[in-house]
Engineer: 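This is the structure I want to talk about, given as structure tokens.
Lettering of chains follows the sequences in order, A, B, ..., and the numbering in each one begins at 1.
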2 protein chains.
Amino acid sequence: MMKDFECTQESYAREVLREKGLKSTAQRLAVVHVLHTSGKSLSVGEIHDGVKDMLGATGLATIYRTLEMFEDLGIVKRLHFPDGRHGYAFSQGEHVHHMVCVDCRGVFDFPECPVESFDYSSIEKQGFRVKDHFVQLFGQCLKCAEAA
Amino acid sequence: MMKDFECTQESYAREVLREKGLKSTAQRLAVVHVLHTSGKSLSVGEIHDGVKDMLGATGLATIYRTLEMFEDLGIVKRLHFPDGRHGYAFSQGEHVHHMVCVDCRGVFDFPECPVESFDYSSIEKQGFRVKDHFVQLFGQCLKCAEAA
DNA sequence: AGCTAATTGAAAATCATTCTCATTTAATAA
DNA sequence: TTATTAAATGAGAATGATTTTCAATTAGCT
């Protein structure tokens, strides 16, 4: 197949995949395309629908497999919502944090790390070694604020 | 029923429930007890098992209902793990963040907010209004570090 | 002790995720 | 190009997690 929806994000995914000896399949690139062009976080079902729109019938299992792999590769990030649901957002690069609009689920990256400058000494005095963190901001984007 | 496993945490839960006109059932207090005495985050199944140990046969649906309610009330917090699983931890009070040991899933609270002092101006320039945040630290606790 | 709305239990229903395995395909080399 | 081959996919079954339903029970009042 291999349609021509190539853009920066697809090229990036291609490269990461090639580096790891993984195949750049139409399904995988379509997942990137759907996530990136939506500009917001999507549920697994929404991603599946988007990919089906591009490629026709596509197995749901493939979407799950792709998302899991992409998360390991740092190409997508799983986000958690207050209502218990979760979604995925495109996420070029390793250490990026996300701000999610609670109305439209739009995702905005910010490379500055809010916990970078935090003083962990009180935690580490208890013997804890902090190795990683998950930070996600919730709020309202301009569009949704105006619409309200 | 109403066994006597009353401690600070159960009293706290009782009070929050009463304030909202909700009933302090044996099942609800047992959920608090199990979570608090474990000192770590537990899966829904583990909480169910713990409650069954205390009370005998207990419906799983009740555990789900209780955890959802307790999360709204700020009595428990849902935590997300890197492997996609999630768990619940006791969480007295509203704004507490959690540090999770990736080995034993032990939970340590810290009231200092790591993003409190973060300068959101670059985000807010784009029209974003930050309203809430989810922060979770991962690492290794003293015991697990020594055991390794 | 009795009343009543809230809560529970049990099982069915629903929804999400993973697995299996036969078929297809991307990447590589001839 | 074409052939080769390991990797990836699709379809559906299997599994697992969560929610719903509704009759029976119970906590929190008189």
Side-chain angles (χ1 to χ4, degrees), chain A residues 1-4 6 10-11 13-32 41-49 51-52 54-73 75-76 78-81 83-88, chain B residues 1-4 6 10-11 13-32 42-49 51-52 54-73 75-76 78-88:
Chain A
M1 215 174 259
M2 281 299 99
K3 299 203 183 166
D4 55 352
E6 197 81 19
E10 273 103 303
S11 309
R14 277 194 123 91
E15 199 168 310
V16 174
L17 289 168
R18 190 158 35 78
E19 274 172 14
K20 301 275 176 182
L22 299 162
K23 293 183 179 176
S24 293
T25 65
Q27 292 85 342
R28 288 174 181 174
L29 297 176
V31 167
V32 172
S41 63
L42 299 174
S43 68
V44 175
E46 289 169 329
I47 295 167
H48 188 209
D49 291 343
V51 171
K52 283 190 291 186
M54 292 180 70
L55 306 180
T58 303
L60 180 53
T62 299
I63 306 299
Y64 276 101
R65 287 186 284 233
T66 299
L67 289 171
E68 189 188 357
M69 201 191 74
F70 278 6
E71 202 182 9
D72 290 343
L73 296 174
I75 295 173
V76 304
R78 178 196 272 244
L79 301 177
H80 302 284
F81 304 108
D83 67 1
R85 302 237 174 84
H86 62 261
Y88 290 87
Chain B
M1 216 173 259
M2 280 299 101
K3 300 201 180 165
D4 55 350
E6 196 83 18
E10 273 102 302
S11 310
R14 278 195 123 91
E15 198 168 309
V16 174
L17 289 167
R18 191 158 34 78
E19 274 172 14
K20 302 276 176 179
L22 299 162
K23 292 182 180 177
S24 293
T25 64
Q27 291 86 341
R28 288 173 182 173
L29 296 177
V31 167
V32 172
L42 299 174
S43 68
V44 176
E46 288 169 329
I47 295 167
H48 188 209
D49 290 343
V51 170
K52 282 190 292 187
M54 292 179 70
L55 305 179
T58 304
L60 181 53
T62 299
I63 306 298
Y64 277 101
R65 287 185 284 234
T66 300
L67 288 171
E68 188 188 357
M69 201 191 74
F70 278 5
E71 202 181 10
D72 291 343
L73 296 174
I75 294 173
V76 304
R78 178 195 274 243
L79 302 177
H80 302 283
F81 304 107
D83 67 1
R85 302 237 175 83
H86 63 263
Y88 290 88

Engineer: Side chain of B:Arg28 only, heavy atoms from C-beta on: which candidate in C:dT8, C:dA5, D:dA7 is closest?
Structural biologist: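 Ranking C:dT8, C:dA5, D:dA7 by closest atom to the B:Arg28 side chain puts C:dT8 first.
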Engineer: A:Met69 versus A:Leu17: any side-chain heavy-atom pair under 4.5 Å?
Structural biologist: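 Yes, side chains in contact.
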Engineer: Any base atoms under 4.0 Å from B:Ala61, or only sugar-phosphate, or nothing? Heavy atoms, all strands.
Structural biologist: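 If one applies the 4.0 Å heavy-atom cut-off, B:Ala61 turns out to touch a base.
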Engineer: For B:Leu60 and C:dT8, give me the distance from atom CG to atom P, rounded to whole Å.
Structural biologist: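 Going from B:Leu60 (CG) to C:dT8 (P), I get 13 Å.
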Engineer: Return the CD1 to OH distance between A:Ile47 and A:Tyr64, rounded to the nearest 0.5 Å.
Structural biologist: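 So the CD1 of A:Ile47 and the OH of A:Tyr64 are separated by 9.5 Å.
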Engineer: Could you say whether B:Lys23 or B:Arg78 is positioned toward the 5' end of DNA chain D, judged by the nucleotide with the nearest heavy atom to each?
Structural biologist: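 Its nucleotide being nearer the 5' end, the pick is B:Arg78.
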Engineer: Rounding to a whole Å, what distance do you find between B:Glu15:CD and D:dA27:P?
Structural biologist: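 Distance, rounded to whole Å: 20 Å.
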Engineer: Is there a side-chain contact between A:Val76 and A:Thr66 in this structure, where contact means two heavy atoms from C-beta onward sitting under 4.5 Å apart?
Structural biologist: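 No, side chains not in contact.
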Engineer: What is the separation between atom CD1 on B:Ile63 and atom C1' on D:dT18, rounded to the nearest whole Å?
Structural biologist: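 So the CD1-C1' distance, B:Ile63 to D:dT18, works out to 13 Å.
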Engineer: Side-chain N or O of B:Thr25 less than 4.0 angstrom from OP1 or OP2 on C:dT8?
Structural biologist: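 Answer yes for this pair, as a side-chain N or O of B:Thr25 is under 4.0 Å from OP1 or OP2.
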Engineer: Select one nucleotide: of C:dT7, C:dG9, C:dT17, the one nearest the side-chain heavy atoms of A:Val44.
Structural biologist: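 Nearest nucleotide to the side chain: C:dT17.
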Engineer: A:Lys52 NZ to D:dT9 C1': how many Å, rounded?
Structural biologist: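 Result: 15 Å.
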Engineer: Between A:Leu73 and A:Leu22, is there a side-chain heavy-atom distance shorter than 4.5 Å?
Structural biologist: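 In contact.
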Engineer: Could you tell me how far apart A:His80 (NE2) and C:dA16 (C1') are, to the nearest whole angstrom?
Structural biologist: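 About 15 Å, once rounded to whole Å.
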Engineer: Please tell me which of B:Gly21 and B:Thr62 maps to the more 5' nucleotide of DNA chain C, matching each residue to the nucleotide holding its nearest heavy atom.
Structural biologist: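 Its nearest nucleotide lies further toward 5', so the answer is B:Gly21.
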Engineer: What I'd like to find out is whether the side chain of B:Val32 reaches to under 4.5 Å of the side chain of B:Phe70, using heavy atoms alone.
Structural biologist: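 SC-SC contact between B:Val32 and B:Phe70 confirmed.
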Engineer: NA contact type, A:His86, heavy-atom cut-off 4.0 Å: base, sugar-phosphate, or nothing?
Structural biologist: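 It contacts sugar-phosphate atoms only.
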Engineer: Rounding to an integer number of Å, can you tell me how far B:Tyr64 OH sits from C:dT14 C1'?
Structural biologist: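 Taking OH of B:Tyr64 and C1' of C:dT14, I get 13 Å after rounding.
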Engineer: For the residue pair A:His80 and B:His80, does the interplanar ring angle fall in the parallel (under 30°), tilted (30 to 60°) or perpendicular (over 60°) class?
Structural biologist: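 Parallel.
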Engineer: Hey, are the side chains of B:Asp49 and B:Leu42 touching, using non-hydrogen atoms and a 4.5 Å cut-off?
Structural biologist: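 No, every pair of side-chain atoms sits at 4.5 Å or beyond.
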Engineer: Looking at D:dG10, I'd like to know if its phosphate oxygens (OP1 or OP2) sit under 4.0 Å from a side-chain N or O belonging to A:Gln27.
Structural biologist: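 Yes, because at least one side-chain N or O of A:Gln27 sits under 4.0 Å from OP1 or OP2 of D:dG10.
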Engineer: Can you tell me how far C1' of C:dC21 sits from CZ of A:Arg65, to the nearest Å?
Structural biologist: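 That distance rounds to 11 Å.
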Engineer: Quantify the bending of the helix from C:dA1-D:dT30 to C:dA30-D:dT1 as the angle between its end axes, each fitted on five pairs, to 10°.
Structural biologist: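 If I round to tens, the end axes sit 50° apart.
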Engineer: How many whole angstroms separate atom CD of B:Glu68 from atom C1' of C:dT8?
Structural biologist: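 Rounded to whole Å, this separation is 16 Å.
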